[in-house]
Every structure is written in structure tokens, then in C-alpha cells.
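Here is the structure we will look at, set down as C-alpha cells.
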There are 2 protein chains.
Amino acid sequence: MPMHITSADNVRRLASATTALPADVTPTGPKAGILNVALRLFAEQGYAGASIRDIAQACGLKPASLYAHYASKEQLLAQLINIGHEEHFKMVQEAVIDAQPEPLEQLKAYVSGHVRFHAEFPMLATLVNHELHALSAEEVTTALKLREQSTDLLMHILKRGQALGAFAKDYDHWLAGAAIGAMGIRVANWYSEHHEKSIDEIIRTYQTFACRLVGQGE
Amino acid sequence: MPMHITSADNVRRLASATTALPADVTPTGPKAGILNVALRLFAEQGYAGASIRDIAQACGLKPASLYAHYASKEQLLAQLINIGHEEHFKMVQEAVIDAQPEPLEQLKAYVSGHVRFHAEFPMLATLVNHELHALSAEEVTTALKLREQSTDLLMHILKRGQALGAFAKDYDHWLAGAAIGAMGIRVANWYSEHHEKSIDEIIRTYQTFACRLVGQGE
DNA sequence: AAAAACCTAACGATCGTTCGTTGACAAAGC
DNA sequence: GCTTTGTCAACGAACGATCGTTAGGTTTTT
């Protein structure tokens, strides 16, 4: 009969959380605090599991005060998911643009941005990957369009690598993209800033994995 | 069928769902229907997002009637998560036991059971991977112990492969296990029975990926 | 003084759960 | 053969708690 939603630390959906939101997209003023708290609670307890009252209390506010800054609970989630998608695309795109044009270098660059996003913003990643279903059909369309940018970029790199003969051709490139994407997505579930390995070390290892996966030793 | 994923399908947390529960562990009588419905709704909407009234209605029952069969909403989730963990371990263990003792064959066997579980029981996989946080500390302990069995098996295979010289040694075996595990876990999010590739084809491709990842060509 | 930020109070809806009851049906006693 | 008893599965009604949200007033900041 006791209803308890919270639980031990090792049961949470992610391992740590200091840098909650990317600095450049966080709003100013009281909106920032609300958004950060909502991010943490949505990620830890799920959208439906975190109430407006939970968020308000964690902000040191009363529930009604939130509505002066955000129109609804769903809009909070929508904004967070949009920020998450935009930040992910920004990170993989910038990495790929800065890379040499060889397919293998582009693949390594993508993995770098992809893994870094999930290690640095695990809570945003959790929302993007597990809470899309709580959004209305309208807001979901926006989110899916943003997500498509990132997956298209990876698929393009993989197809181009196969076409140029830089990667093996004995596999379906969509499956390879799914596998490489999955490796990085899962990082959000276990990486914490106290991990024995640094983000850069993890990235290097995962780059190696991705290169081998497409048939290139490197 | 080629299957371009529609945006409506893509919003859900998993792609399809026919074989909801493994036949051998499903209870008999009216409990079976309730458990299957709860599995579907918990997986689609999250534990907190699916209400007892939703489940009852989908069963053609009234809310109160559920309590003749299950003591609480949380017990429903706990049983599903336990079934999920047991089935996963059973599938990977049986595959590995049937395999030749060479590390590479054991790795391929593990990937086979791992991927097959996530493709055949995507809803169970979703609960196991994303709804643990809704469980009480007590029930979570049971679940984590079951999960440890599976991860220990994979880590043992990877360490043994490195020790015997069958796998490369230039990577952290824990990171390799995380990557190989992640590849399979994500399958639950996109595989559906109408996918252009069969489960066996996907398994073969992912076996190749895993072998390359540990430094072995095939 | 104007604007921004926050408050109290409450609305109707829904939440998980409990209570006492009902009809169906099979075994047991007369 | 007929009643009694017991079990099973399901029911309507309701409990207190909590949900997202709103209206209107007060405090704080500029």
C-alpha cells in the first residue's frame, strides 16, 4: 500500500548529473532553474512519474509559480527534448565538419560527438531516447525531424564509406548505424564523472570499436 | 515488406508486439491476460503513465477486479521484470552452453541469445531496461541479482577470450561488454516482425560486429 | 509606479486501493 | 432431487491522496 516511486541510487536511470544543460541554450533567469530541475526529475522518474509539485518543491517554489514561466508540464518536456536533439546534432555535426574527409575519420568524428553527448548530457539523452512517447503528436513531429538529421548524417557516412571502398561491404549499413548508435546511447546509462575512465578514453575505445565494426582495423 | 518506419510508430517505445510473454512462464487463467495487458501498457506508456484503470479496461474488467489476482500495481511490474530477467539469462546461458568452447564461438552464442531476446520480447526488454526505477528497493535487489548473472556471463567470456589470446588485448573488456550489450539492447526499439531482415539475419550481422569489435575477423 | 515573481486557495479529474456484494457453478448434506 | 455450502471471478461504490491547472491577490525587484 505504500506507494513509493523513488528508490536506491543504483536503480536510477542514469549514473550522474552535474552539467545538466548545455550552457549556450539554457534560458536566463528563473526559467533556467526550473528547466534544470525538470530535466533531472523527468530523467530520474520519467515524465509521468515526476509531478509539477515535485518540480516546484525542488525549485523552492509553489506549484502555481511554475505557470508564470512555462505554459504546461508538457511544454517543459518538449523544450528539453528539443534542446537535447539540437545539442546532439550540433555535437556530431561540428565533429564531422572538423574532421578530415576520409570516411574513417568522419566515422571516428561522429562517434566522438555522439559518445560525448551521451556522457556529458546523460539526462537529456534519457529524455530524447525514452520519453518521446509522452509528447503530443504535434511536438513529436518537430522532435523526429531533428533526430532524423543526426541519423541521416551517420548513415551518409557509412554509405559513403562503403561506396568509396573504405569500409567492408559485407554488412547492411543500416544495421551498422543502429549498432554504432546503440553503443553510444547506452553510455548515458552508466557513465558518471567518477568513472575510472575519462570521456576521452571512452571515446577512443568506442572509435576503435566502430572502426573495426565497419571492417577497418585502425 | 520494406518497412519505412512511420512517424506514429516511431514515437512508441518499441516497434511491434506479438509474442508478448514467453510461453513457459506465463501464468494460467485470468492472470495471464492481465499480465500481458500490463506488459503492453507499461512498455508503451511507462509504469507511471499506465493506470490500473487503463489496464483493467484493456482486459475488459473493472479496476477492483484486478486485485483478486495481483496484490498491487507494483507487484505486476515486479513480476514482469523478474520474468524478463529470467528469460534473458535463460536465453544467453542456453546459447553459450550449446556452443563450442572457443571464446569466439561463445561470444557469438551470447550475441545470438542476447539479440534474440530483445527482438522476440521487446516489451519485456523495455521494462527491464527502463522501468527498474519504479520498483521498491526490495524488489530491485532481486532484479539486480538476476541481471548480474547475464552481465557476468558476457564479461567472463570476454576476459577469457583475452586471457587465451583469442581476442585482442588493446581495449578494456568492460567497455567491450558495454558496447556489445548496448547493440543488442537497442534492437528492442526498432525491430518488428515486419522488418525487412529476419531475426536470424540480424543475429548473424551482429555476431560479425561483435567478433570484429574484439579484434577477430570472423 | 510598473513589472516581474511568487503566493494562497481551490477547481475538477484521476490516481491506487479497499470494501461489501453478487451471480455462476460445483461439491456435500439431507 | 433439492437444498446448502463454499469458491471463484467479477462487480459498483467509495476512500483519501494526488494530479495538472487556474484565478486572483501579495511581495519583491527595478
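Predicted model only: the values in this text are computed from it and were never measured. The chains referred to below are lettered A, B, ... by the order of the sequence lines, with proteins before strands, and numbering in each begins at 1.
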Can you tell me how far [atom2] of [N] sits from [atom1] of [X], to the nearest Å?
X     : N      : atom1 : atom2 : value
B:L66 : D:dA9  : CG    : C1'   : 12 Å
B:H69 : D:dT7  : NE2   : C1'   : 13 Å
A:Q57 : D:dT18 : CD    : C1'   : 13 Å
B:Y70 : C:dG16 : OH    : P     : 17 Å
A:E74 : D:dC19 : CD    : C1'   : 15 Å
A:K62 : C:dA10 : NZ    : C1'   : 15 Å
B:Q75 : C:dT17 : CD    : P     : 10 Å
B:L77 : C:dG16 : CG    : C1'   : 15 Å

Closest to side chain of [X], choosing from [options]:
X     : options                : value
A:Y67 : C:dC6, D:dT21, D:dG12  : D:dT21
A:R53 : D:dA10, C:dC7, D:dG20  : D:dG20
A:L61 : D:dC11, C:dC7, D:dT21  : C:dC7
A:D54 : C:dC6, D:dC19, C:dC7   : D:dC19
A:I52 : D:dA10, C:dG16, D:dG20 : D:dG20
B:S72 : C:dT17, C:dC7, C:dT18  : C:dT17

Give a yes or no on this: more than 12 heavy atoms of other residues, nucleotides or ligands lie within 6.0 Å of atom CD of B:E201.
-> yes
Check: Is there a side-chain contact between B:I180 and B:Y206, using heavy atoms and a 4.5 Å cut-off?
Finding: no
Q.
Any non-hydrogen side-chain atom of A:K159 less than 4.5 Å from a side-chain atom of A:M155?
A. no
So, A:H85 side chain and A:I81 main chain: donor-acceptor pair closer than 3.5 Å or not?
-> yes
Exercise. Any donor-acceptor pair under 3.5 Å linking the side chain of A:K31 with the backbone of A:Y70?
Worked result: no
When all nucleic acid strands are considered with a 4.0 Å heavy-atom cut-off, which category describes [X]: base, sugar-phosphate, or nothing?
X     : answer
A:A68 : nothing
B:A50 : sugar-phosphate
B:S51 : sugar-phosphate

Contacts of B:K73 and A:I34 projected onto DNA chain C by closest heavy atom; the upstream (5') one is A:I34
